[in-house]
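To start, the structure under review is shown below, and the notes come after it.
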Amino acid sequence: MANELSSAFPVLGIAAWSGTGKTTLLEKLLPLLGEQGLKVAVIKHAHHSFEVDQPGKDSFKLRSAGAAPVLVASRQRFALMQETPKQEEPDLVQLIAMMEPHKPDLVIVEGFKSWPIPKLVLYRDGIGDPAILTGPWVEAVAIGPSTAIELPVSVSQLDLDDSDAIARWIVAWTSAKMEP
């Protein structure tokens with residue numbers, strides 16, 4: 001985290017404890033944000049090893065043989081795979097820089113709770129520590145109806161179950177960040 005984060009587009013972290021519904025909410029938000037004309041990229045943190053390739057495929061064999069990176073491309077999509085065996089955690093600064101050529105209007109970062117980036121925090125009672133709702137990088141919180149918390153005036157409070165209202169907040173926040 002030593003690198004300073006700067007980019008040509010707004011970056012918004014979606015932070016929440018596992019089981020809160022980050023991915024479910026993003027599945028609802030992304031089409032709504034697209035309808036508002038926003039081109040949104042997502043960087044998702046995984047806390048475990050994962051494969052986007054399949055054993056037996058040529059690209060898997062080439063990567064296993066030491067090619068780094070491997071780029072697989074077709075008419076429909078491409079995937080860039082890079083091994084990072086000596087890396088403790090992904091470097092968000094490097095990942096955001098990889099988004100630059102795609103010229104998104106907004107990059108949503110799922111996870112990376114400890115990175116100093118503006119955040120929309122999701123919280124449900126009984127899931128994780130409510131301290132996640134505080135901190136200098138929290139721009140808004142989306143909470144369930146039974147959650148009672150006092151927030152600073154500068155932090156917007158949203159209904160976790162109202163994806164339309166959350167999308168409107170993200171559009172307004174993005175617009176404000178894109179102004180000169």
Side-chain angles (χ1 to χ4, degrees), residues 1 5 7-52 77 79 89-100 102-179:
M1 275 189 299
L5 181 67
S7 66
F9 39 76
V11 175
L12 179 64
I14 303 289
W17 298 111
S18 181
T20 302
K22 293 182 300 291
T23 302
T24 301
L25 179 62
L26 282 172
E27 284 179 300
K28 293 175 185 173
L29 289 175
L30 289 168
L32 295 171
L33 297 172
E35 288 170 10
Q36 295 298 311
L38 287 181
K39 181 179 175 186
V40 181
V42 175
I43 297 173
K44 177 165 179 20
H45 184 269
H47 292 280
H48 48 80
S49 180
F50 65 93
E51 285 292 342
V52 294
R77 69 189 56 89
E89 279 293 318
D91 183 334
L92 187 55
V93 172
Q94 290 176 349
L95 298 174
I96 288 171
M98 293 172 73
M99 294 294 180
E100 294 274 346
H102 304 285
K103 297 181 175 39
D105 297 314
L106 169 67
V107 171
I108 291 178
V109 176
E110 184 187 331
F112 294 91
K113 284 192 280 290
S114 63
W115 276 80
I117 59 173
K119 291 180 180 68
L120 165 60
V121 178
L122 315 180
Y123 182 76
R124 289 192 192 281
D125 278 332
I127 301 178
D129 185 350
I132 195 173
L133 296 168
T134 61
W137 295 98
V138 177
E139 301 268 332
V141 298
I143 56 178
S146 62
T147 304
I149 185 163
E150 205 168 304
L151 299 169
V153 176
S154 62
V155 176
S156 300
Q157 183 173 329
L158 306 163
D159 179 345
L160 183 54
D161 299 318
D162 188 347
S163 51
D164 289 322
I166 295 171
R168 285 191 302 273
W169 180 85
I170 292 172
V171 169
W173 181 87
T174 302
S175 295
K177 295 296 179 190
M178 290 173 28
E179 291 175 358

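Checked against side-chain hydrogen bond (donor to acceptor under 3.5 Å, both in side chains), Asp125 has the following partners two or more places apart in sequence or in another chain: Ser146, Thr147. Contacts of Trp17 classified as side-chain hydrogen bond (donor to acceptor under 3.5 Å, both in side chains), with partners at least two apart in sequence or in another chain: none. Every residue two or more places apart in sequence or in another chain that forms a side-chain contact (heavy atoms from CB on, under 4.5 Å) with Ala15 is listed here: Lys113, Lys119, Val121, Ile132. Residues satisfying the salt bridge (charged side-chain N to carboxylate O under 4.0 Å, His left out) criterion with Lys44, sequence neighbours excluded, are Glu110. Pro152 pairs by the side-chain contact (heavy atoms from CB on, under 4.5 Å) definition with Ser154, Val155, not counting sequence neighbours. By the side-chain hydrogen bond (donor to acceptor under 3.5 Å, both in side chains) test, Ser156 is found to be paired with Trp169, residues two or more places apart in sequence or in another chain being considered.
The two residues Gln157 and Ile149 make their nearest non-hydrogen contact at OE1-O, 4.3 Å. Of all non-hydrogen atoms in His45 and Gly111, the two that sit nearest each other are CB-CA, 4.2 Å. Closest of all the heavy-atom pairs between Leu160 and Gly144 is CB-N, 3.9 Å. Across all their heavy atoms, Gly128 and Tyr123 have their closest contact at O-OH, 3.5 Å.
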For this session: Output, in order, the C-alpha distance, side-chain angles, deciding distance and verdict of side-chain contact (heavy atoms from CB on, under 4.5 Å) for Leu12 and Leu106.
Result: CA-CA 8 Å; Leu12 179 64; Leu106 169 67; 4.1 Å; yes
For this session: Begin from the C-alpha positions of Val107 and Phe9 and carry the test side-chain contact (heavy atoms from CB on, under 4.5 Å) through to its verdict.
Result: CA-CA 7 Å; Val107 171; Phe9 39 76; 3.3 Å; yes
Problem set entry | Verdict with reasoning, Leu133 to Ile143, per side-chain contact (heavy atoms from CB on, under 4.5 Å) | CA-CA 9 Å; Leu133 296 168; Ile143 56 178; 4.1 Å; yes
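Between Trp173 and Leu120, every side-chain heavy-atom pair lies at or beyond the 4.5 Å cut-off. Considering only heavy atoms from C-beta on, Leu26 comes within 4.5 Å of Ile108 through its side chain. By the 4.5 Å heavy-atom criterion applied to side chains, Phe112 and Ile14 are not counted as neighbours. Within the 4.5 Å cutoff, side-chain heavy atoms of Ser163 are placed close to those of Leu32. Side-chain atoms of Val42 and Leu30, non-hydrogen and from C-beta on, do get closer than 4.5 Å to each other. Between Ile166 and Leu29, some side-chain heavy-atom pair lies under the 4.5 Å cut-off. At least one side-chain heavy atom of Ile170 sits less than 4.5 Å from a side-chain heavy atom of Leu33.
The list of side-chain hydrogen bond (donor to acceptor under 3.5 Å, both in side chains) pairs with a residue in residues 24-38, not counting sequence neighbours, is empty. Residue pairs meeting the salt bridge (charged side-chain N to carboxylate O under 4.0 Å, His left out) criterion with at least one partner in residues 129-157, sequence neighbours excluded, do not occur; the list is empty. Residue pairs satisfying the salt bridge (charged side-chain N to carboxylate O under 4.0 Å, His left out) criterion with at least one member in residues 158-171, sequence neighbours excluded, are listed as follows: Arg124-Asp161.
Without hydrogens or angle criteria, Lys39 side chain to His102 main chain gives a donor-acceptor distance under 3.5 Å.
Between the CG atom of Leu122 and the CG atom of Leu25 there is a distance of 5.5 Å, given to the nearest 0.5 Å.
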